[in-house]
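Order of the sequence lines sets the chain letters (A, B, ...), proteins ahead of strands, with each chain counted from 1. Bear in mind the structure is a predicted one, so any value in this text is a computation, not a measurement.
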Number of protein chains: 2
Amino acid sequence: MATIRDVAKLACVSVATVSRVINKTGYVHADTRHKVEAAVKQLNYTPNEVARSLYKRKSRLIGLLLPDITNPYFPQLARGVEDEMQKNDFRIIFGNSDENHRKEQEYIQTFIQNNVVGVISSTNDPNSDTYSKLKIPVVFLDRTSTDSPSVYSDGREGGRIAAREMISRGSKRITVMQGPVHIRPAQDRFQGALEVLEENKISYNVIQTTSFSFAEAELWAKELFDKHLDTDGIIASNDIVATAVLHEAHRLGRRVPDDVQIIGFDDIPLSALLSPSLSTIHQPAYEMGRQAAGLLIKLIQEGFVEHRNIQFPVHFIERDTTRKVEHHG
Amino acid sequence: MATIRDVAKLACVSVATVSRVINKTGYVHADTRHKVEAAVKQLNYTPNEVARSLYKRKSRLIGLLLPDITNPYFPQLARGVEDEMQKNDFRIIFGNSDENHRKEQEYIQTFIQNNVVGVISSTNDPNSDTYSKLKIPVVFLDRTSTDSPSVYSDGREGGRIAAREMISRGSKRITVMQGPVHIRPAQDRFQGALEVLEENKISYNVIQTTSFSFAEAELWAKELFDKHLDTDGIIASNDIVATAVLHEAHRLGRRVPDDVQIIGFDDIPLSALLSPSLSTIHQPAYEMGRQAAGLLIKLIQEGFVEHRNIQFPVHFIERDTTRKVEHHG
DNA sequence: TTGTACGCGTTATCAC
DNA sequence: GTGATAACGCGTACAA
């Protein structure tokens, strides 16, 4: 815990000079620089970030707010953010919001108190004044906001793709699982699916779910087969739910994909390892995290960016919970 | 961004008085307190944590260092830590170490620079002087250290249990997957398994793996069946690898658990949703995270704890990748 | 090229 | 009960 003073004393110079060599700012004679560098090394000195932060009124910290790191989709986002931030010497204060407005505000509050220079958030109301009042850049991740920078994927198109693939692979009585209504991306994919289903006049029904939790996923799955045992195609709200559905289908002796096809959403790492492996809509979560971080950094350093909204395309990953499409001709 | 000065001015008192009411320290007349409280409310004032931290030389921040949040075991630990910390008004600076010594040191370094009051780390060498030199409390999580507080589970016993269950369920030619050699818990469970296997003179072979990554898990699984197609029981190094093995077994048409039994380790949330669901050794990850946080908080606040090492028992979760044990009599 | 002195926002120690 | 004021460690005018 040596301070700049200790270094100055040891090197027989003033703190100003030490500061200059540390920050490579202003002129300093080569000899004195060497003296200072030696002292720094000897004392194992590193600048106190807190003092820096206080003086400059900004830190090297950013706030990251995710709904729940326990949901396998988010670690990938988090990791993308972390890698990019780490590379640029920013550190992350992390919190889980549980999609809970109060917790969210508490975190944003303490982020500010700690002089974070930016925030990345997956919130359900990006337009609340919790964010608009902030004087530091905010990037919404996995969420859309018209007037703030955001990084997300095309959920609606994802829903459409899922429905199209279901149809082209011959499902006739489709069940669409509608994710939690307050989670925007969940609704987007749901709407996208309905759109295509109605366009094609396919008969479908809906199972409403209210969370993405593991524990409840099994319940939705049971409810689904309870109400619609004859369904022959299931568009799940995400991969966790899809996995639960697959599990339940097995338990009931329904063959996948022969009797019933299943399509998930997200393409979490484990999807490929299921048996049968899960067909799903891929979101580039890690890359989304990286880009969000990149965007935020640019915003922090340059104050603006050309493209405030980055939408990633999604695509269908064909695995073994869907049948092979028949090629005619 | 009102400061304590603004509040003082508005309330027509000195900053000292404001500080007293904020921190509930020292005497202050009821009337003045009300005036101050009103001013605080009106200005929406919250104390600047950075200034506080600078003066007190300690923050409300703790550092959390985990190998890789993308490995499904760690989000649970992280969540446990976070919940407990959040409840006690501590915030978390989070980093992934990738089991990489340099990255680890970098993080510890910046933790210190930011005045964190404690560190929770899953490191591979808890005894390095990176930690022993630290002047703040450290708790090792999912790792053991003789002379520092640590929270972990009984991996060795876990390995023993896995082997016993394998044997009692009739496997004769067992393959044990040895996790990365530098990761202590992986070696513990491996050793535990060998111990029981040798005691019982069961024939076994070993597949050496060097990571827990999803991508590579599939490779180890292929290698396993490539080398030991006739194996009838597999003790995997964790649930990810077990899942890959299960997947590969299916692909090769080997029936699980009839032809080959599989036991994982960790009991990550998805294990229950696999088909067949995965028998595994359960570690109470969330609770371990919570306890580690609790331990650290106590260390921070009281400087010592009675029980520095908290070892959690593990237990077998019987699911469908193992056969039912035969009860005689 | 280098040093002095002030301010960043708080808290704590004194006086009053 | 309350108010000045000196730290905490750093960066930067400004003076030298």
Atom pair distance, as rounded to whole Å: [atom1] in [X] and [atom2] in [N]:
X        : N      : atom1 : atom2 : answer
B:Asn115 : D:dC8  : CG    : P     : 13 Å
A:Glu49  : D:dG9  : CD    : C1'   : 12 Å
A:Arg5   : C:dG3  : CZ    : P     : 14 Å
B:Asp6   : C:dC8  : CG    : P     : 11 Å
B:Gln113 : D:dC8  : CD    : C1'   : 17 Å
A:Tyr27  : C:dG3  : OH    : C1'   : 18 Å
A:Leu54  : D:dT12 : CG    : C1'   : 14 Å
B:Arg57  : C:dT10 : CZ    : P     : 18 Å

More than 12 heavy atoms from other groups under 6.0 Å of NZ on A:Lys9: no
Cation-pi check, A:Arg102 onto A:Tyr107 ring (under 6.0 Å, within 45° of axis): no
Heavy-atom side-chain contact between A:Phe312 and A:Val151 under 4.5 Å: yes
Closest-nucleotide ordering on DNA chain D, the 5'-leading residue of B:Ser14 and A:Ala51: B:Ser14
Side-chain N,O (B:Thr17) to OP1/OP2 (D:dT2) below 4.0 Å: no
A:Arg290 and A:Asp83 ion-paired at < 4.0 Å: no
Side-chain ion pair, B:Lys56 and B:Glu49, N-O less than 4.0 Å: no
Interface polar pairs with nucleotides 11-13 of chain C, N/O, under 3.5 angstrom:
from   : atom 1 : to      : atom 2 : distance (Å)
C:dT11 : OP1    : B:Asn23 : OD1    : 3.3
C:dT11 : OP1    : B:Asn23 : ND2    : 3.3
C:dT11 : OP1    : B:Arg52 : NE     : 2.5
C:dT11 : OP1    : B:Arg52 : NH2    : 3.0
C:dT11 : OP2    : B:Ser19 : OG     : 3.2
C:dT11 : OP2    : B:Asn23 : ND2    : 3.4
C:dT11 : O2     : B:Tyr55 : OH     : 3.3
C:dA12 : O4'    : B:Tyr55 : OH     : 2.8

Pair up each side-chain donor or acceptor in residues 24-36 of chain A with any protein partner under 3.5 Å, not counting sequence neighbours, and list the distances.
from    : atom 1 : to      : atom 2 : distance (Å)
A:Thr32 : OG1    : A:His29 : N      : 3.3
A:Thr32 : OG1    : A:His29 : O      : 2.7

Aromatic ring pairing B:Phe94/A:Phe94, orientation class (parallel under 30°, perpendicular over 60°, tilted between): tilted
Aromatic ring proximity, centroids under 6.0 angstrom, A:Tyr73 and A:Phe212: no
B:Lys103 backbone acceptor or donor facing B:Asn100 side chain under 3.5 Å: yes
Sorted by number, the residues of residues 31-39 of chain A with heavy-atom contact under 4.0 Å to DNA chain D: none
Sugar-phosphate, base or nothing in reach of A:Val13, heavy atoms under 4.0 Å: sugar-phosphate
